[in-house]
Amino acid sequence: MAKSSPLSLNELMERAHNMAGIRLADIASDNNIMVPTDLRRDKGWIGQLIESELGALAGSKPEQDFLHLGVELKTIPIDHKGKPLETTYVTVAPLINIQGMTWENSVVYHKLQRVLWVPVEGERSIPVGERRVGTPILWQPTAQQAKQLQQDWEEIMELIALGQVDKITARQGEVLQLRPKAANSKVLTESISEDGSIQLSNPRGFYLKIDFTQQILTNEFS
DNA sequence: GAGTGATCATGT
DNA sequence: ACATGATCACTC
């Protein structure tokens, strides 16, 4: 059955807490969804399953999952120690028409204003259906975290504005990084070139580094 | 192609 | 061992 959209933050958190400790196979059967053997061809499967269970409006809009609640949903694969196994995708990076753009009106800023983190066991040795959901965490950036994010965002956007997008590596940025975000490296989109004109580049996305998300998860239990 | 959901798999 | 760069599926 498709879940209705939660009407309040309390209702959303209650649903999230009710998933803690549950196997993905059980959540899948509750939503009439088949469990894939592995995630090689279903990389977004867990995220979409959790969206379905929590009643997120499945869509491809560049907005928060629960816009009416001001909450973005992120599932995060963790190992047996609770450490994230992957970086966390935030949003596509704008590569043109970025003049006048500021941190406060950026999509990264808005999506990270309030995030519901749902940890899920992610080790490949555990069959997908046997993986269990962890305790959800509702997070808002601390002043220090917000400052780190803003600093990285501004540095990266400055390089994009200067036509250096193809020279930016994932090492740029302390907590926020820029990496390819496309079906493959042949996909092209418009970007700013060194002389200020338009060129074609592989699309990029903003990702949160592992150490940063780990800090979010562990601070919650300290 | 651009957006959503991310994980894969190779290089270092 | 691990993060970077590459990739997968789907919708519109």
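Lettering follows sequence order; numbering is per chain, from 1.
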Practice prompt. Dump the intermediate steps for side chain to side chain contact (heavy atoms under 4.5 Å, CB included) on Asp30(A) and Ile22(A), then the final yes or no.
Written response: CA-CA 11 Å; Asp30(A) 187 43; Ile22(A) 306 296; over 6 Å; no

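- Scored by the side-chain hydrogen bond (donor to acceptor under 3.5 Å, both in side chains) test, Arg15(A) finds Ser4(A), Glu11(A) as partners (sequence neighbours excluded).
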Counting only pairs under 3.5 Å, give me each side-chain donor-acceptor contact of residues 152-161 of chain A, with atom names and distances, residues two or more places apart or in other chains.
from      : atom 1 : to        : atom 2 : distance (Å)
Asp152(A) : OD1    : Glu174(A) : N      : 3.0
Asp152(A) : OD2    : Glu174(A) : N      : 2.8
Asp152(A) : OD2    : Val175(A) : N      : 2.6
Asp152(A) : OD2    : Leu176(A) : N      : 3.0
Glu154(A) : OE2    : Gln150(A) : NE2    : 2.9

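- Less than 4.0 Å separates DNA chain B from at least one heavy atom of each of the following residues of residues 89-124 of chain A: Tyr89(A), Thr91(A), Val92(A), Lys111(A), Arg124(A).
- Note on Gly47(A): only backbone sugar-phosphate atoms sit closer than 4.0 angstrom, heavy atoms only; bases stay farther off.
- Between Pro119(A) and Pro136(A), the closest heavy-atom pair is CD-CA, 4.3 Å.
- Near DNA chain C, meaning a heavy atom under 4.0 Å from it, residues 183-192 of chain A has Ala183(A), Asn184(A), Ser185(A) in order of number.
- Here dA9(C) presents its C1' atom at 10 Å from NZ of Lys181(A), a figure rounded to the nearest Å.
- When the C1' atom of dA2(B) is taken as reference, atom CG of Leu200(A) falls 15 Å away, rounded to whole Å.
- Taking each heavy atom of Phe206(A) and Pro94(A) in turn, the nearest pair found is CE1-CD, 4.3 Å.
- Between Leu85(A) and Tyr207(A), the residue anchored nearer the 5' end of DNA chain C, judged by the nucleotide with its closest heavy atom, is Leu85(A).
- A salt bridge between Arg40(A) and Asp38(A) is present, with a side-chain N of the basic residue lying under 4.0 Å from a carboxylate O of the acidic one.
- Rounded to whole Å, atom P of dT4(C) lies 11 Å from atom CD of Glu86(A).
- The distance from atom CG of Leu39(A) to atom P of dA9(B) is 11 Å, rounded to the nearest whole Å.
- Between Asp166(A) and Arg204(A), at least one side-chain N (NZ, or NE/NH1/NH2) sits under 4.0 Å from a carboxylate O, which counts as a salt bridge.
- We find that CG of Asp65(A) is positioned 9 Å from C1' of dG5(B), with the value rounded to whole Å.
- Here Pro203(A) lies out of heavy-atom contact (under 4.0 Å) with every strand.
- Between its two ends, the helix from dG1(B)-dC12(C) to dT12(B)-dA1(C) turns its axis by 30°, counting five pairs per end and rounding to 10 degrees.
- The ring-ring contact (aromatic ring centres under 6.0 Å, His included) check on Tyr89(A) picks up Tyr207(A), with sequence neighbours excluded.
- Heavy-atom distances to DNA chain B give each of Glu63(A) and Arg41(A) a nearest nucleotide, and the one nearer the 5′ end belongs to Glu63(A).
- Legend: residues meeting side-chain hydrogen bond (donor to acceptor under 3.5 Å, both in side chains) with Ser193(A), ordered by chain and number and at least two apart, are Asp195(A), Ser197(A).
- Minimum heavy-atom separation, Gly47(A) to Thr75(A): CA-OG1, 3.8 Å.
- Without hydrogens or angle criteria, Arg131(A) side chain to Val120(A) main chain gives no donor-acceptor distance under 3.5 Å.
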Atom pairs, N/O to N/O, protein against nucleotides 10-12 of chain C, distance under 3.5 Å?
none

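- Other residues sharing the hydrophobic cluster of Val187(A), ordered by chain and number and joined by side-chain separations under 4.5 Å: none, the residue standing alone.
- Listed by chain and number, the residues in a side-chain hydrogen bond (donor to acceptor under 3.5 Å, both in side chains) with Ser191(A) are Gln199(A), Ser201(A) (sequence neighbours excluded).
- Considering all non-hydrogen atoms of both residues, Ala146(A) and Trp103(A) come closest at O-CZ2, 4.2 Å.
- Base contact: Thr87(A) has a heavy atom under 4.0 Å from a base atom.
- One interatomic measurement links the two molecules: CD1 of Ile210(A) to P of dT4(C), which rounds to 8 Å at whole-angstrom precision.
- Closest approach of Ala25(A) to Val35(A), counting heavy atoms only: CA-CG2, 4.0 Å.
- Counting to the nearest Å, the C1' atom of dC2(C) and the CZ atom of Phe212(A) are 20 Å from each other.
- Judged by distance alone, the side chain of Gln64(A) and the main-chain N or O of His110(A) form a donor-acceptor pair under 3.5 Å.
- A heavy atom lying under 4.0 Å from DNA chain C marks the following residues of residues 169-180 of chain A, by number: Thr169(A), Ala170(A), Arg171(A), Gln177(A), Arg179(A), Pro180(A).
- Rounded to whole Å, the distance from NZ on Lys209(A) to C1' on dA6(B) is 19 Å.
- Residues meeting the side-chain hydrogen bond (donor to acceptor under 3.5 Å, both in side chains) test with Gln113(A), sequence neighbours left out: none.
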